[in-house]
J.: 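Take a look at the following structure, please.
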2 protein chains.
Amino acid sequence: MQHLLSPKQVANAIGASESSLKRWCDQGLLTTVKTAGGHRRIPVQEALRFVREHNHAVVEPHILGMSATDDRKGRRIEGCAERLATALLTNNEQACQAIVFDLFLAGQPVSQIFDEVIAVAFRTIGEKWKCHEADIYEERCSCQIALRILHELRSKQTPPNSGLVALGATIEGDQYALPVTMSEIVLREVGWDARLLGSSIPFDSMANAIQQIEPRMLWLSISFISDESAFIAGFNRLFETASKTNTAVVVGGRALTTEIRARLHYSAFCDTMRHLEEFAKTLRRQAEIAPTKTRKPRKNA
Amino acid sequence: MQHLLSPKQVANAIGASESSLKRWCDQGLLTTVKTAGGHRRIPVQEALRFVREHNHAVVEPHILGMSATDDRKGRRIEGCAERLATALLTNNEQACQAIVFDLFLAGQPVSQIFDEVIAVAFRTIGEKWKCHEADIYEERCSCQIALRILHELRSKQTPPNSGLVALGATIEGDQYALPVTMSEIVLREVGWDARLLGSSIPFDSMANAIQQIEPRMLWLSISFISDESAFIAGFNRLFETASKTNTAVVVGGRALTTEIRARLHYSAFCDTMRHLEEFAKTLRRQAEIAPTKTRKPRKNA
DNA sequence: ACTGAAATGGACGTTTTGAATGTTTTTCAC
DNA sequence: GTGAAAAACATTCAAAACGTCCATTTCAGT
């Protein structure tokens, strides 16, 4: 699959004429790069951004690297969660991909797809498991499928270029990779250079990462806590370290009950991906106004 | 670091064709140095100047950037492991991807790339961690990068169409997802419909999966054993279940010492991805001769 | 329903691109 | 050194993209 597309290719992909495409490029609706001879070249990510932003139709998704879509059906978010849960449990990866990608192409914010479709589907699967209607391996297999889809989605994002680094991780013993991977994508979507360290990272190692990388944000998705008091102590110690480098600490996850939260120090608690997105946007704007604390306080307009 | 680049390398780097590059050189848009035999050589800074001046795209920055990947070197498997380890530890995902995909596109078998490049790189990282030259988070972050590359590789494979189903998993408590994911790709490469259930699957759930799906193979990658005697008992029980549905059980992984293996029942033990590939090929051929035990015994040529 | 502004997409002659071909140079293993 | 494989060379040529012009369609406001 190629990374740079010609106006004609993009025109074919989205069902518009070549002339229109060229006009849109010249108007700046699509950012193009030029060859030495003056031919326009459109990066795929840019084409995807355009489609999502203008909710333009996509006639031939495969040109943009989006494999399967049955158009017009999956554009509304209602009912998608149920369909996804079914597709996941029947191991129908194609269908799962189509559901998520359709919503993505239709311009639904990724945070909303995550909150209202993927998270809901997994809640459904979790409940089936509790009622012995689904086995553990089915839930795990669904996670694998979802992870692959998330990775594919991630590869469709424009790579981050801001200097705003965020680190993400799950705590030691917490193996649930889905939420933390979703957070990474959400943060990248709003312009952060989000780097997922991985699952089950000890607090000490996180502290080392903070000191070495000096990120502006650390996000932790906490789905499972093995030892509550050790967790609280370790976490608050980590918060101390983070404060020294001016790193915001954002937490989320179903294991954080109100009681536990009451005993934690953190910069923000996010219930949903939507909340995370909004907090990240706010923090980003602030950081851009005052890029570094050692920078000179103001300059002339 | 390589100072002079060939037209082909620059063409690849900026996503243009070699022909165009040469034309641009001859038009004087790029200043070239010539070898005695008349081959064009482009200094890196000249290529960078060209890119900036013409607002040209850069598809593969690593060629113009720091990592000295002369693509002749890239095709050969020697030295790739070291370069990959470095790229992983410096968090240079682009470079990691380029190393693996160059080998893949050059026709190296995936099993060999896994055994001789990825596995070796992670062994290097593991040793650095033991010598306190690398932190846990760096190793985990490297795993994340590798996983993303594996998923990308998987998405490039032709989807399986044979009825030969294989199930894969790691045992409960074993969170090392890399080997089991590599196995999945290797099996798909040789025509199996390999389905990765996921990490940390209890033996009971695996048994359920076998009974419900009735695969022809179950492969387990065992990197970590928490309770040895429980493992041996659980595993041998699983082997019993598998025998009833005629499911071959293949094992591998660094946690399987000779002593432990002596107490296990299995169909095959595979040290490397190469071994797994060969065993899978053999088993596939056999299964195709006698597709199902209930099938009619022979048909006319 | 009518009108005019704005957007669309086809048509054109010209220029650029990139694949193919056969020859020469470079590289690397022996 | 030597020889074979890989890569770069020059050249050719069809396909594709360029800019421009213009007829058609769309749509909001009478």
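Every chain is numbered from 1, with letters handed out A, B, ... down the list of sequences.
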J.: Write down the atom of Trp192(A), the atom of Ala280(A), and the distance for their closest heavy-atom approach.
T.: NE1-O, 3.0 Å

J.: Report yes if at least one side-chain N or O of Ser20(B) is closer than 4.0 Å to OP1 or OP2 of dT17(C); otherwise report no.
T.: no

J.: Using whole Å, report how far CZ of Arg40(A) lies from P of dT20(D).
T.: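 So the two atoms are 10 Å apart, to the nearest Å.
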
J.: Would you say a side-chain N or O of Trp24(B) is under 4.0 Å from OP1 or OP2 of dT17(C)?
T.: yes

J.: Just compare dT17(C), dG9(C), dC9(D) and give me whichever is closest to any side-chain atom of His39(A).
T.: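 Within the option list, the nearest is dT17(C).
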
J.: Can you measure Lys8(A) atom NZ to dA11(C) atom C1' for me and round it to whole angstrom units?
T.: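 About 13 Å, once rounded to whole Å.
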
J.: Would you say a side-chain N or O of Thr35(A) is under 4.0 Å from OP1 or OP2 of dA17(D)?
T.: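 Checking Thr35(A) against dA17(D): no side-chain N or O falls below 4.0 Å of OP1 or OP2.
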
J.: Starting at the 5' end of DNA chain C and moving along, which residue's nearest nucleotide shows up first, Ser19(A) or Ser17(B)?
T.: Ser19(A)

J.: CG of Asn12(A) versus P of dA16(D): gap in Å, rounded?
T.: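 Rounded to the whole Å, the gap is 10 Å.
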
J.: Of the nucleotides dC9(D), dT8(C), dA17(D), which has the atom closest to the Pro7(A) side chain?
T.: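 Of all the options, the side chain of Pro7(A) is nearest to dA17(D).
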
J.: Using whole Å, report how far CG of Leu21(B) lies from P of dT16(C).
T.: 16 Å

J.: Is it the case that over 12 heavy atoms from other parts of the model lie below 6.0 angstrom from the NZ atom of Lys156(A)?
T.: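 Atom NZ in Lys156(A) is crowded, with more than 12 foreign heavy atoms closer than 6.0 Å.
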
J.: Which of these passes side-chain hydrogen bond (donor to acceptor under 3.5 Å, both in side chains) with His151(A): Gln144(B), Arg148(B), His151(B)?
T.: His151(B)

J.: Does the gap between the ring centers of His54(B) and Phe50(B) come in under 6.0 Å?
T.: yes

J.: Is there, by distance only and without an angle test, a donor paired with an acceptor across the side chain of Arg23(B) and the base of dG18(C) below 3.5 Å?
T.: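 Present.
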
